[in-house]
Amino acid sequence: MSERLIMHIDLDAFFASIEQRDHPEYQGRPLVVGAKPGRRGVVATCSYEARRYGVRSAMPISEAARRLPQEAVYLRPDINRYGEVSQQIMTALQSLSPVVEKVSVDEAFLDITGMERLIGDAESIGRQAKQLIHDQVGLTASVGIGPNRLIAKLASDYQKPDGLTVVTADQVEAFLNPLPLTLLRGLGTKSAPILQRLGLSTVADVRRLSLLELRRQLGNLAGTSIYQQARGIASDRLDDQSTRKSISKETTFDQDITDPAILRESLHWSAQEVGYVARQEHRKGSLVTLKIRFRGFDTHTRSRSLNTPTSADQEIFKTAWELYRSESWDDQPVRLIGLGISGWDGAVDELQRQPDLFGDPALQTGARQDRLYQTLDEVSGKFGKHAIRLGSKRGDSKTESESE
DNA sequence: TCTGGGGTCCTAGGACCC
DNA sequence: TCTGGGGTCCTAGGACCC
């Protein structure tokens, strides 16, 4: 059980692809899912046709509209529908491996350690995953396979759309070397420029810095993380049991608001949404957080701990409104207001993930990863160790980045 | 260019306790 | 009368990710 194999699956332009799948008239056209032009907001996802005009996720919608031709399509996201498609995909992936960690609506990691012995080599497992998704929901995905989460994720990103990249342990260094350092996890708009100002641009460049220097530049934790990533060191364990830690709802107004009655109404609505989700999930939070953003984008939060955890709309609202009123923010124009709850007793989640010692251990979710290895061991027991092929090494699966 | 919405995680200061 | 050192909790801000 030494060499581990992690697969990362990333659906291509997920929201936009679903819309094009369901509306043939949108196929082949630049399509943007996100805000409507002329209003405040950004691009959530756009089709590959739109990307040719330089449009990207998180770009202000006004900028996207400036770049795109007349025939472009703009749609508001239909999160519920995308969530259903996501669920179909995740369920299908469970048939491939019992250990599936859903990262977001369009992304998942699978632990496929040892499966080469059953299904075929890494590349053929990847092809099966793509085929499975295509058969189930008619969408394409980019797949990366590597010895840990980081390499698998970078590999899925390497060739898009509809890509498949396998990076074996002995290829990791060569794979990482030329990649821009901005691809490393945690190097965003603030910390990437810190390294770039030192004249670094690729992962190979980052490796020239000592651990001490990286810590000095980025802080102890972030520095250590980047030091390790640059050497291909990362976790190879999946967490298929993660539970959420907060629930929130916020609203950006089309025009900045000064009337407290409107802010109050907005918070009231947010509290109802948050309370509803909390009750659906049988959660009660003991921390209520108010979030407010003024004209000019300066953002503040205020939070208050409750003596008793709650999921009641009225109490969530009342607490947030008191937090608002305890400040003298009155005459500043408000761009965004929202609230959230968090701080539930982790014991409930913990209880749910523990095996029931009096039940069938095979049915306990926490035991799934073990079960995978038991299954593999049983197979090797039946057919003999020599019948089982250990991880085959593919030749260079060199790929051209389309960078589209 | 003028910046959504839903999250997670880290940092840092102050309170409080031993 | 001045003052330690560590641990934990609370709160606010901010970086980052999808």
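Numbers restart at 1 for each chain; the letters A, B, ... are given by sequence-line order, proteins then strands.
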Which whole number of Å gives the distance between the P atom of dT3(B) and that of dC18(C)? 23 Å

Distance in angstrom units between Arg67(A) CZ and dC2(B) P, rounded: 12 Å

Looking at dG4(B), I'd like to know if its phosphate oxygens (OP1 or OP2) sit under 4.0 Å from a side-chain N or O belonging to Arg335(A). yes

Between CD1 of Ile226(A) and P of dC10(B) the distance, given in whole Å, is 13 Å

For Arg215(A) and dC10(B), give me the distance from atom CZ to atom C1', rounded to whole Å. 15 Å

Assigned partner base of dT11(C), Watson-Crick or wobble definition, under 3.5 Å: dA12(B)

Whole angstrom is fine here: how far is it from OH in Tyr74(A) over to P in dG4(B)? 17 Å

Can you classify the ring geometry of Trp329(A) versus His300(A) as parallel (below 30°), tilted (30 to 60°) or perpendicular (above 60°)? tilted

Can you see if the side chain of Arg293(A) gets near the phosphate of dT3(B) - specifically, an N or O under 4.0 Å from OP1 or OP2? no

Gln272(A) side chain to Tyr276(A) side chain, donor-acceptor N/O pair below 3.5 angstrom: no

Expressed in whole Å, how much space separates the P atoms belonging to dC2(B) and dC17(C)? 24 Å

Strand-adjacent residues in residues 244-255 of chain A, judged by heavy atoms under 4.0 Å from DNA chain C: none

If the sugar-phosphate is the primed atoms plus P, OP1 and OP2 and the base is the rest, what is the B/S/- string for nucleotides 11-18 of chain C, using protein heavy atoms under 4.0 Å? SSS-SSSS

Parallel, tilted or perpendicular, as decided by the 30° and 60° cut-offs, for the rings of Phe317(A) and His268(A): perpendicular

Are Asn148(A) and Arg237(A) close enough that a side-chain donor and a side-chain acceptor fall under 3.5 Å? no

Using whole Å, report how far CZ of Phe294(A) lies from P of dT3(B). 18 Å

Would you say Thr168(A) and Gln171(A) are linked by a side-chain donor-acceptor pair, where the criterion is simply a distance under 3.5 Å? yes

Please report, rounded to the nearest Å, how far the C1' atom of dG6(B) is from the NZ atom of Lys291(A). 9 Å

Asp345(A) with Lys284(A): basic N within carboxylate O range, under 4.0 Å: no

Nearest whole angstrom, please: distance from the C1' of dG7(B) to the CG of Leu339(A). 15 Å

Among dT3(B), dG5(B), dT1(B), find the nucleotide with the atom closest to the side chain of Arg66(A). dT1(B)

Verify the distance criterion only: is there a donor paired with an acceptor across the side chains of Glu315(A) and Thr319(A) at less than 3.5 Å? no

If pairing means Watson-Crick or G-U wobble with both distances under 3.5 Å, then the partner of dC18(B) is dG5(C)

Let me spell it out: for each of Val277(A) and Phe297(A), pick the nucleotide of DNA chain B with the closest heavy atom. Which residue's pick is nearer the 5' end? Phe297(A)

Return the value, rounded to whole Å, for the distance between atom CD1 of Ile341(A) and atom P of dG7(B). 10 Å

For a quick check under 3.5 Å, do Lys130(A) and Ser142(A) share a side-chain donor-acceptor pair by atom type? no

Just by distance, with hydrogens left out, do Asp12(A) and Thr140(A) show a side-chain donor and acceptor under 3.5 Å apart? yes

Taking the basic N atoms (NZ, or NE/NH1/NH2) and the acidic carboxylate oxygens, is any pair closer than 4.0 Å for Glu213(A) and Arg216(A)? yes

